[in-house]
Protein chains: 2
Amino acid sequence: MTDHKRPTSFDVARVAGVSRSAVSRAFTPGASINAQTREKIIAAAQDIGYRVNTLARNLQTQESQLVAVLASRMDSPVRARQVKLLTHALIKEGYRPLLLTAESASDVPRLLSSMLDYCLSGMIVTSDSPPDALIEECAKLQVPVVLINRDPSLAGGDRVQIDPKAAGHLAFDTLRAAGVQRFAAILPQDKTYSVAGRVLAFQAAALHAGFDCVLIPSEGQSYDAGRQAVIKHWDQISHCDGIFGATDLATCGVLDALRHDLGRSVPSDIQVLGFDDIEQASWGSYNMSSIKQDLEGQVSMAVAAMRQRLTDPDTPASLQYQTLTPVLRGTTK
Amino acid sequence: MTDHKRPTSFDVARVAGVSRSAVSRAFTPGASINAQTREKIIAAAQDIGYRVNTLARNLQTQESQLVAVLASRMDSPVRARQVKLLTHALIKEGYRPLLLTAESASDVPRLLSSMLDYCLSGMIVTSDSPPDALIEECAKLQVPVVLINRDPSLAGGDRVQIDPKAAGHLAFDTLRAAGVQRFAAILPQDKTYSVAGRVLAFQAAALHAGFDCVLIPSEGQSYDAGRQAVIKHWDQISHCDGIFGATDLATCGVLDALRHDLGRSVPSDIQVLGFDDIEQASWGSYNMSSIKQDLEGQVSMAVAAMRQRLTDPDTPASLQYQTLTPVLRGTTK
DNA sequence: ATGAAAGCGCTAACAT
DNA sequence: ATGTTAGCGCTTTCAT
């Protein structure tokens with residue numbers, strides 16, 4: 001342990017017999033430097049255990065490679081998967097994902113605000129609480145912001161989202177094709193843009209096709225919310241033969257309510273369709289038909305949009321829709 | 001948009017009519033500065049939209065508040081919850097969690113190595129692949145490392161973990177108390193220290209108490225692994241009346257295999273016990289008895305250990321066990 | 001309590 | 001291609 005202090009570019013320069021700029025160049029990908037010199041420097045660096053101090057580099061370049069990922073309900077299956085894919089993609093591109101899990105919406109602003117001091121390379125928001133003013137602040141500071149499934153009525157930033165209309169229609173078409181005639185859908189009361197959007201679109205599609213569609217409110221998007229909603233409002237939907245669950249998580253609850261609490265048989269008494277295609281939907285006890293959103297695609301679009309804005313801040317704000325695919329399992333005929 | 005450039009402490013100093021040192025002190029919690037001066041400075045800062053540049057501060061203090069969180073299988077329910085709690089705890093303590101999801105174990109070293117250049121305040125590893133050499137490197141660089149449920153035979157760092165022996169015994173006692181006589185357990189072949197440890201301890205406890213215990217291998221810890229393991233090795237366990245599933249995720253698969261693939265009835269034909277108490281265990285279709293690990297406690301111990309080592313690097317390496325609680329539901333009598 | 005001055009370790013213009 | 005010279009924006013002795 002002779003080295004208590006990290007060696008600096010100065011040390012390497014001395015050992016390799018070059019200037020500090022040379023050292024810097026040796027560690028900068030596209031720099032103009034002789035291949036031999038570079039090797040010599042790298043070797044010297046290896047030797048004394050030198051590594052570029054990112055902090056210093058960042059200060060100089062005013063760029064940190066840090067990308068804030070703002071996510072709520074981190075332990076829900078979709079979000080967990082989303083975050084996983086997002087971090088992979090970011091890391092692969094050389095970024096460093098800073099995970100900010102929004103607990104109470106109230107402390108998001110302060111938190112995010114403090115993050116800004118890190119000279120973020122970007123920010124990806126997949127939270128529910130759209131920190132409106134914050135987005136503006138980011139824009140002001142030239143920090144690219146990508147919004148995943150956020151309400152488009154809110155301020156700028158690039159967007160990647162599900163087309164609520166398309167989603168609702170696809171859900172309707174899927175159930176209709178399975179023979180459903182009397183529709184119902186769960187409408188979570190926490191008013192998440194994307195979720196509420198597709199449920200409303202689902203209803204609209206049904207009405208437009210000349211069918212009725214009962215909307216029953218749920219406390220939120222959790223398993224329990226779905227389960228309780230069905231139990232509580234059973235009288236309103238007992239005549240229905242098909243129900244759209246808005247999210248798979250809630251739909252698992254819907255299924256359990258139907259089968260275990262209400263003693264219905266799925267799909268013979270009533271058909272059920274979820275949304276997201278989470279892992280649990282494919283589990284034996286549920287075997288749930290769902291609509292799969294392409295999370296991989298979503299994530300790569302988001303990262304690409306960020307990168308694009310980073311290279312050219314004047315790119316017009318983009319809006320991309322991700323693809324949706326029905327996955328038919330045992331809860332539909 | 002008159003200000004295209006972020007204001008610096010210099011600007012604040014000029015506006016407030018003080019020196020840059022004063023500005024620095026105004027933004028440093030315990031600094032010796034007159035309350036009035038501080039207010040004046042804060043006001044001026046507000047006015048021109050100044051915020052401390054964390055990058056510069058970090059460079060100076062040689063400390064980022066960045067904590068690397070290394071996690072694998074991010075989309076499994078336990079891990080997702082763990083990461084969520086971890087990030088909350090870290091953020092609450094003023095740290096910034098950098099999420100590194102280990103995809104292929106091969107690129108972990110490079111990744112982590114590059115992270116070290118950020119002058120990490122700490123590292124929390126809850127991954128499966130214990131990046132042995134890396135831990136040493138961290139130690140060398142004085143970066144506190146906390147290992148959650150990692151093999152204790154590996155190099156230093158503070159540890160928070162389940163006591164495998166205690167876990168195995170508790171599982172055995174729980175099933176035994178429910179009347180089980182012929183035991184079986186799933187043993188995932190990916191040799192995760194904590195999981196394999198408790199399964200082996202479970203078997204040891206059974207043998208020690210004079211009961212037999214069949215161990216059946218599973219491909220891993222996933223739902224599918226559990227399900228397939230039971231189907232494949234059914235002949236070996238068909239005579240058993242109690243099975244310990246090692247992890248809840250796999251145990252969901254075990255239950256579905258038993259009920260849907262093999263037509264058994266749980267708990268009358270055979271009782272089932274999981275481990276972790278993930279959310280899905282409580283879902284109606286599973287209603288699974290399990291052993292709950294105290295994730296909140298685990299996380300706060302981990303953060304505390306990190307903080308402790310940060311303040312006093314010479315603290316002897318700590319080892320803490322988290323509490324375990326049986327949660328009895330419908331898959332045991 | 002405050003200010004002056006000296007870095008923290010690096011990169012980037014500008015010469016050569 | 002390489003070295004020289006300035007900073008990046010902040011904190012921190014050291015005086016006062």
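Letters go in sequence order (proteins before strands), and every chain restarts at 1. Note that the structure is a prediction, hence the values are computed from the model and not measured.
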B:R38 CZ to C:dT2 P, in whole Å, measures 10 Å
**Asked** Are more than 12 heavy atoms from other residues, nucleotides or ligands located less than 6.0 Å from atom CD of B:Q46?
**Response** no
Using atom names, set out every protein N or O paired with an N or O of nucleotides 9-11 of chain C below 3.5 Å, distance rounded to 0.1 Å.
residue : atom : partner : partner atom : Å
C:dG9   : OP1  : B:Q62   : NE2          : 2.9
C:dC10  : OP1  : A:Y50   : OH           : 2.6
C:dC10  : OP1  : A:N53   : N            : 3.3
C:dC10  : OP2  : A:S9    : N            : 2.4
C:dC10  : OP2  : A:S9    : OG           : 3.0
C:dC10  : N4   : A:R20   : NH1          : 3.3
C:dC10  : N4   : A:R20   : NH2          : 2.2
C:dT11  : OP1  : A:R57   : NE           : 2.5
C:dT11  : OP1  : A:R57   : NH2          : 2.9
C:dT11  : OP2  : A:S24   : OG           : 2.7
C:dT11  : O5'  : A:S24   : OG           : 3.4
C:dT11  : O2   : A:Q60   : NE2          : 3.0

A:N58 atom CG is separated from C:dC8 atom P, nearest whole Å, by 18 Å
(message) Under a 3.5 Å cutoff, is there a donor and acceptor pairing between the side chains of A:S76 and A:Q221?
(response) no
Between B:R6 and B:D11, is there a salt bridge with N-O shorter than 4.0 Å? no
Subject >> Stepwise side-chain hydrogen bond (donor to acceptor under 3.5 Å, both in side chains) test for B:D158 and B:S318 >> reply: CA-CA 5 Å; B:D158 295 297; B:S318 68; 3.0 Å; yes
Separation of D:dG3 atom P from A:N34 atom CG, nearest Å, is 11 Å
Within the pair B:S19 and C:dT2, is there a side-chain N or O less than 4.0 Å away from OP1 or OP2?
no
Intermediate values then yes/no, side-chain hydrogen bond (donor to acceptor under 3.5 Å, both in side chains), B:Q161 and B:Q322: CA-CA 6 Å; B:Q161 57 187 56; B:Q322 52 190 286; over 6 Å; no
Going by atom type alone, with no hydrogens or angles, which donor-acceptor pairs under 3.5 Å involve a side-chain atom of residues 22-32 of chain B and a protein atom two or more places apart or on another chain?
residue : atom : partner : partner atom : Å
B:T28   : OG1  : B:S24   : O            : 2.8

